[in-house]
Amino acid sequence: MMTFFQTGNHVFDTLLTIIFLFLVTYPIIGGFSWFIGVLCYTFFF
(Lines give C-alpha, C1' and ligand atoms only; values in the text may rest on other atoms or scores of the structure.)
Protein backbone atom coordinates (compact mmCIF):
# COMPACT_ATOMS: atom_id res chain seq x y z
CA MET A 1 0.00 0.00 0.00
CA MET A 2 1.19 3.51 -0.76
CA THR A 3 1.81 5.72 2.23
CA PHE A 4 1.55 9.47 1.87
CA PHE A 5 2.48 10.13 5.48
CA GLN A 6 5.50 9.03 7.50
CA THR A 7 4.90 9.68 11.16
CA GLY A 8 6.77 6.62 12.46
CA ASN A 9 3.60 4.82 13.55
CA HIS A 10 2.48 2.30 10.91
CA VAL A 11 -1.15 2.15 12.08
CA PHE A 12 -1.47 5.94 12.13
CA ASP A 13 0.17 6.19 8.69
CA THR A 14 -2.29 3.68 7.27
CA LEU A 15 -5.26 5.49 8.82
CA LEU A 16 -4.13 8.87 7.47
CA THR A 17 -3.53 7.40 4.02
CA ILE A 18 -7.03 5.87 3.91
CA ILE A 19 -8.60 9.17 5.00
CA PHE A 20 -6.53 11.07 2.41
CA LEU A 21 -7.48 8.72 -0.43
CA PHE A 22 -11.15 8.87 0.59
CA LEU A 23 -11.13 12.67 0.56
CA VAL A 24 -9.40 12.76 -2.84
CA THR A 25 -11.64 10.20 -4.57
CA TYR A 26 -14.96 11.23 -2.98
CA PRO A 27 -15.73 14.12 -5.40
CA ILE A 28 -14.76 12.00 -8.41
CA ILE A 29 -17.01 9.12 -7.38
CA GLY A 30 -19.77 11.61 -6.50
CA GLY A 31 -19.54 13.19 -9.95
CA PHE A 32 -19.82 9.82 -11.68
CA SER A 33 -22.77 8.78 -9.54
CA TRP A 34 -24.53 12.11 -10.23
CA PHE A 35 -23.99 11.66 -13.98
CA ILE A 36 -25.28 8.08 -13.92
CA GLY A 37 -28.29 9.24 -11.89
CA VAL A 38 -29.06 11.93 -14.47
CA LEU A 39 -28.86 9.38 -17.29
CA CYS A 40 -31.11 6.93 -15.44
CA TYR A 41 -33.62 9.67 -14.65
CA THR A 42 -33.61 10.86 -18.27
CA PHE A 43 -34.09 7.46 -19.85
CA PHE A 44 -36.23 5.62 -17.29
CA PHE A 45 -38.63 8.33 -16.05
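Not measured: the values here are computed from a predicted model.
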Point to revise | same_hphob_cluster(F5, V24) at 4.5 Å side-chain heavy-atom cutoff | key: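 The answer is yes; both residues are in one hydrophobic cluster.
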Point to revise | same_hphob_cluster(W34, F43) at 4.5 Å side-chain heavy-atom cutoff | key: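 In one cluster with W34: F43, yes.
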Practice item. Quick one: list whatever passes side-chain hydrogen bond (donor to acceptor under 3.5 Å, both in side chains) with T7, sequence neighbours left out. Key: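 With sequence neighbours excluded, T7 shows a side-chain hydrogen bond (donor to acceptor under 3.5 Å, both in side chains) to D13, given in chain and number order.
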Practice item. With side-chain contact (heavy atoms from CB on, under 4.5 Å) as the test, would you mind laying out the steps for V11 and L15 before giving the verdict? Key: CA-CA 6 Å; V11 175; L15 181 66; 5.6 Å; no
Review point. Parallel under 30°, tilted from 30 to 60°, perpendicular over 60°: which one fits the rings of F20 and F4?
Key: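 Tilted: the ring planes of F20 and F4 meet at 30° to 60°.
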Practice item. Drop me the distance from L21's CG to L16's CG, to the nearest 0.5 angstrom. Key: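 It is 11.0 Å, given to the nearest 0.5 Å.
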